[in-house]
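Read through the structure below, which is laid out as structure tokens, and then see the notes.
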Amino acid sequence: MAETDISLNFDAAAATAAQWREYADLVERHGATQHVAPQELRGLLGEIYADYIDAKQTEMDARTAAYQRVAENARRHADKLENTRQGFMNQDAESAQRIQNLI
């Protein structure tokens with residue numbers, strides 16, 4: 001194979017896509033973790049800290065949403081890798097069939 005040839009290792013591409021999906025799941029789980037629920041904070045701190053608790057809830061919601069965006073981006077990347085792999089596999093199969101028909 002020449003240096004200018006393009007090649008795709010189908011098994012490696014599938015493994016990389018799986019790793020991106022695992023990463024997405026890990027990020028999503030991590031982002032969903034809350035150390036102290038706002039209801040517990042209210043019980044621990046009382047209503048005098050209601051503004052703080054509300055701000056903390058807003059912060060946790062934003063944090064969860066940010067982790068979710070990262071997870072979705074990783075899944076989109078995995079989908080692109082998988083679609084590319086599938087496209088190359090289909091094109092290889094079609095080309096092989098055309099060559100076989102000529103022979």
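Just the heavy atoms: all of them, side chains too, but no hydrogens, waters or symmetry mates, feed the values below. What you see is a predicted model, and the numbers here were worked out from it, not measured in a lab.
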### Query
Mind checking whether L41 and Y49 have side chains closer than 4.5 Å, heavy atoms only?
no

### Message
Check this for me, if you would: do K56 and E59 make a salt bridge, where the nitrogen-to-carboxylate-oxygen distance has to be below 4.0 angstrom?
### Response
yes

### Query
Is the backbone N or O of G31 less than 3.5 Å from a side-chain atom of T64, with the two atoms forming a donor-acceptor pair by type?
yes

### Query
Should V70 and W20 be regarded as members of a common hydrophobic cluster, given that ILVMFWY residues are connected when their side-chain heavy atoms come within less than 4.5 Å of each other, either directly or indirectly?
yes

### Query
Between NE2 of H77 and NZ of K80, what distance do you get to the nearest 0.5 Å?
8.0 Å

#### Entry: Whether over 12 other heavy atoms sit under 6.0 Å from F10 CZ
yes

### Query
In this structure, are over 12 heavy atoms from other groups packed under 6.0 Å from I48 atom CD1?
no

## Note on the structure
Looking only at heavy atoms, the pair that brings A17 and A78 closest together is O-CB, 3.4 Å

### Query
Does any non-hydrogen side-chain atom of D54 lie less than 4.5 Å from one of R42?
yes

### Message
Using side-chain heavy atoms (C-beta onward) and a distance below 4.5 Å, is Q57 in contact with Q39?
### Response
no

### Message
Quick check for you: to the nearest 0.5 Å, what is the distance between R21 atom CZ and D79 atom CG?
### Response
5.0 Å

### Message
Assess whether a salt bridge exists between E28 and R69, defined as any Lys/Arg side-chain N lying under 4.0 Å from an Asp/Glu carboxylate O.
### Response
no

### Message
Walk me through whether I53 and E47 qualify under side chain to side chain contact (heavy atoms under 4.5 Å, CB included).
### Response
CA-CA 9 Å; I53 295 166; E47 285 303 314; over 6 Å; no

### Task
To the nearest 0.5 angstrom, please state how far the OG1 atom of T33 sits from the OH atom of Y67.
9.0 Å

### Message
Are more than 12 heavy atoms, taken from residues, nucleotides or ligands other than Y23, located less than 6.0 Å from that residue's OH atom?
### Response
no

### Message
Within this structure, what is the CG-OG1 distance for the pair N9 and T16, rounded to the nearest 0.5 Å?
### Response
8.5 Å

#### Entry: Residues R85, E82: salt bridge by 4.0 Å N-O rule
yes

### L81 side, atom CG; R76 side, atom CZ - distance, nearest 0.5 Å
13.5 Å

